Student: 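Dropping a structure here in structure tokens format, bear with me for questions.
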There are 2 protein chains.
Amino acid sequence: MGRPKSYSRDAVVEKAMSVFWQNGYKATSVSDIVRETGLNTASMYKEFGDKEGLFSEALHHYRDHIIGPRYRILIDNPNMSGVEMFLRNVFLGAAKKEYKGCLMMNHLAQKNVIGPDAVKQVGAFCAEIESLVETALFNAQSDGEIGPEKDVAQLASFIVFCVHGTVLYGRHDEKKHMIPKFYDMIMQELRS
Amino acid sequence: MGRPKSYSRDAVVEKAMSVFWQNGYKATSVSDIVRETGLNTASMYKEFGDKEGLFSEALHHYRDHIIGPRYRILIDNPNMSGVEMFLRNVFLGAAKKEYKGCLMMNHLAQKNVIGPDAVKQVGAFCAEIESLVETALFNAQSDGEIGPEKDVAQLASFIVFCVHGTVLYGRHDEKKHMIPKFYDMIMQELRS
DNA sequence: GTTTTTTTAAAATAAATGTTTTAAAACGTT
DNA sequence: AACGTTTTAAAACATTTATTTTAAAAAAAC
């Protein structure tokens, strides 16, 4: 049934994700993408509809393959030790990341530049991760691992902010020394 | 001699800075700028040469009017109390900022998108503020206000990272609760 | 081997964007 | 009021960018 594709959809999406991650949506042209991925322009439109469709796939890929696995540990362990493992993993992993920041968070302030679908996707993602952390903290509170007087929702957003806004967003990756400090700070805050 | 300008250069630069700050260099078109500033296209090219020239002026304005005054306190007091006043000022001021992040830091990872002059400007700015903090910390060390065993250069970059990467970069401005926490964390780190 | 289906390469189109030009309007100077 | 200079408005131009079209190439199905 027809000529087979000469490209791998997954490989294209992954490469496109890298480019979008590196430059941002608006600063990435379709030409950039076809150059970097080797994908043919027509094939790109056939496969993804338009530039935003590909960006949307890139966001999915990011969620499923880059950030998702990091949160997996928190899904499997929605409790204090899950939070601790999650943070240790993220804070240590931050040093070896290729690109800077969180692809989603990087586009959070660009609602007028990325399309409405992407805006929704980013919003849903933020709500999702915050909820994950919140649930784990809530359970930790039930288990008596963090004080009953703590504002769990507030702590959750604080943690998400630190993780995505600062550590994943480590533009200054040469300054790795701050990473264990943030880890200590958060754990101290949780335990105090 | 000749028709006087109907615009104020300063007002134009300030408005342009806002737009660049809000959208980023690449996602801001010259049309956006002339619409927002009311400046005539030809006047813009006469006055600033090209888009990058205007961006460069915007960076200068940001440095001189937005960030500069924040660091003034550190220039006038290159010592421990200067650091403390500076941090308090920045951390409290962060809540009321109109736009998100540091205009310079926002473009740090966009070396291929902004022109070479702007890249230099951003680099110089980063070196400059780091040096300011470092000098103050060095003096604080001489004064015996922070321990002699502290790595002052490391602390300086940590502080700059926190201030610009996190607090000024407060995309999540609804989560203001973390601001005093960062302040406490840094002061505690300095004093411990 | 012909047909059928789909990909691909390259050119074509259309819109946005950066920049320049042209001529008219505005103002100070004489 | 005429002159010289500069701004301004609008159109023109060139380039980039997103998207579509066209026809040739490639492989599967019959």
Side-chain angles (χ1 to χ4, degrees), chain A residues 1-13 15-59 107 110-119, chain B residues 1-59 107 110-119 121:
Chain A
M1 22 145 81
R3 175 176 173 180
K5 309 173 178 183
S6 72
Y7 58 89
S8 144
R9 193 181 204 272
D10 273 5
V12 166
V13 169
K15 187 66 187 175
M17 182 203 67
S18 291
V19 181
F20 282 129
W21 196 353
Q22 206 166 206
N23 303 330
Y25 179 76
K26 183 74 186 214
T28 303
S29 70
V30 174
S31 314
D32 290 339
I33 284 168
V34 303
R35 184 173 2 89
E36 294 293 321
T37 62
L39 181 61
N40 184 273
T41 308
S43 306
M44 128 74 182
Y45 281 95
K46 182 83 193 302
E47 187 81 46
F48 303 104
D50 56 11
K51 185 187 172 187
E52 204 200 326
L54 176 54
F55 183 59
S56 179
E57 287 301 298
L59 289 178
H107 289 89
Q110 311 240 338
K111 292 192 210 291
N112 45 336
V113 163
I114 65 182
D117 288 352
V119 169
Chain B
M1 20 148 81
R3 178 175 171 179
K5 309 172 175 182
S6 70
Y7 59 88
S8 144
R9 191 180 207 272
D10 274 3
V12 165
V13 169
E14 188 177 1
K15 187 68 188 172
M17 180 203 69
S18 291
V19 181
F20 282 129
W21 196 354
Q22 205 166 205
N23 303 329
Y25 177 78
K26 183 75 186 213
T28 303
S29 70
V30 174
S31 314
D32 289 339
I33 284 169
V34 303
R35 184 174 1 90
E36 294 294 321
T37 61
L39 181 61
N40 184 272
T41 307
S43 305
M44 129 71 181
Y45 281 94
K46 182 82 194 302
E47 188 81 47
F48 303 104
D50 56 10
K51 186 188 173 189
E52 205 200 324
L54 177 54
F55 183 59
S56 179
E57 287 302 296
L59 290 178
H107 289 88
Q110 313 240 337
K111 291 191 209 292
N112 43 337
V113 163
I114 65 180
D117 287 353
V119 170
Q121 229 172 311

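So you know, we letter chains A, B, ... as the sequences are listed, proteins then strands, and number each from 1. Every value quoted in this text rests on a predicted model; they were computed, and no experiment measured them.
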Student: May I ask you to list the residues of residues 35-51 of chain A, by number, that have any heavy atom positioned under 4.0 Å from an atom of DNA chain C?
Tutor: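 Under 4.0 Å from DNA chain C: A:N40, A:A42, A:S43, A:K46.
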Student: Treating a pair as Watson-Crick (purine N1 to pyrimidine N3 plus N6-O4 or O6-N4) or G-U wobble (N1-O2 and O6-N3) with both distances under 3.5 Å, list the stems of 3 or more consecutive pairs that involve DNA chain C.
Tutor: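 Stem segments, range with range: C:1-30 with D:1-30.
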Student: Under 4.5 Å between any side-chain heavy atoms of A:N23 and B:N112, yes or no?
Tutor: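 The answer is yes; the side chains approach within 4.5 Å.
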Student: Is the shortest side-chain heavy-atom distance between A:Y7 and A:N40 below 4.5 Å?
Tutor: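 The answer is no, as the side chains (C-beta and beyond) never meet within the 4.5 Å cut-off.
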Student: Which of the following nucleotides, D:dT17, C:dT17, C:dT7, is nearest to the side chain of A:S29?
Tutor: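 That would be D:dT17.
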Student: Does any N or O in the side chain of A:E36 come within less than 3.5 Å of the main-chain N or O of A:K15, such that one atom is a donor and the other an acceptor?
Tutor: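 Checked: no pair found.
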Student: Below the 4.0 Å mark, does D:dT17 have OP1 or OP2 next to a side-chain nitrogen or oxygen of B:K26?
Tutor: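 Affirmative; the distance criterion is met.
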Student: Quick one, B:I114 and B:F55 - any side-chain contact, counting heavy atoms below 4.5 Å?
Tutor: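 Yes - at least one pair of side-chain heavy atoms lies under 4.5 Å apart.
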Student: Atom CG of B:L59 and atom CE of B:M17: how far apart are they, to the nearest 0.5 Å?
Tutor: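 One gets 10.0 Å once the value is rounded to the nearest 0.5 Å.
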Student: Find the distance B:E52:CD to C:dT17:P and express it as a whole number of Å.
Tutor: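 After rounding, the gap between these two atoms is 19 Å.
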Student: Using 0.5 Å steps for rounding, measure from the CG atom of A:L54 to the OG1 atom of A:T37.
Tutor: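 With rounding to 0.5 Å, CG (A:L54) is 8.0 Å from OG1 (A:T37).
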Student: Using the ring of B:Y25 (Phe, Tyr or Trp, six-membered ring only), decide whether B:K51 places NZ or CZ under 6.0 Å from its centre and within 45 degrees of its axis.
Tutor: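 Satisfied, under 6.0 Å and within 45°.
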Student: Whole-Å distance between D:dT19 C1' and A:I33 CD1?
Tutor: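 Between C1' of D:dT19 and CD1 of A:I33: 13 Å.
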Student: What is the distance, to the nearest angstrom, from the CG atom on B:N23 to the P atom on C:dT17?
Tutor: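 About 11 Å, once rounded to whole Å.
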Student: Among residues two or more places apart or on two chains, list those pairs meeting salt bridge (Lys or Arg N to Asp or Glu O under 4.0 Å) that have a residue in residues 38-48 of chain B.
Tutor: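 Only B:K5-B:E47, B:R9-B:E47 qualify under salt bridge (Lys or Arg N to Asp or Glu O under 4.0 Å).
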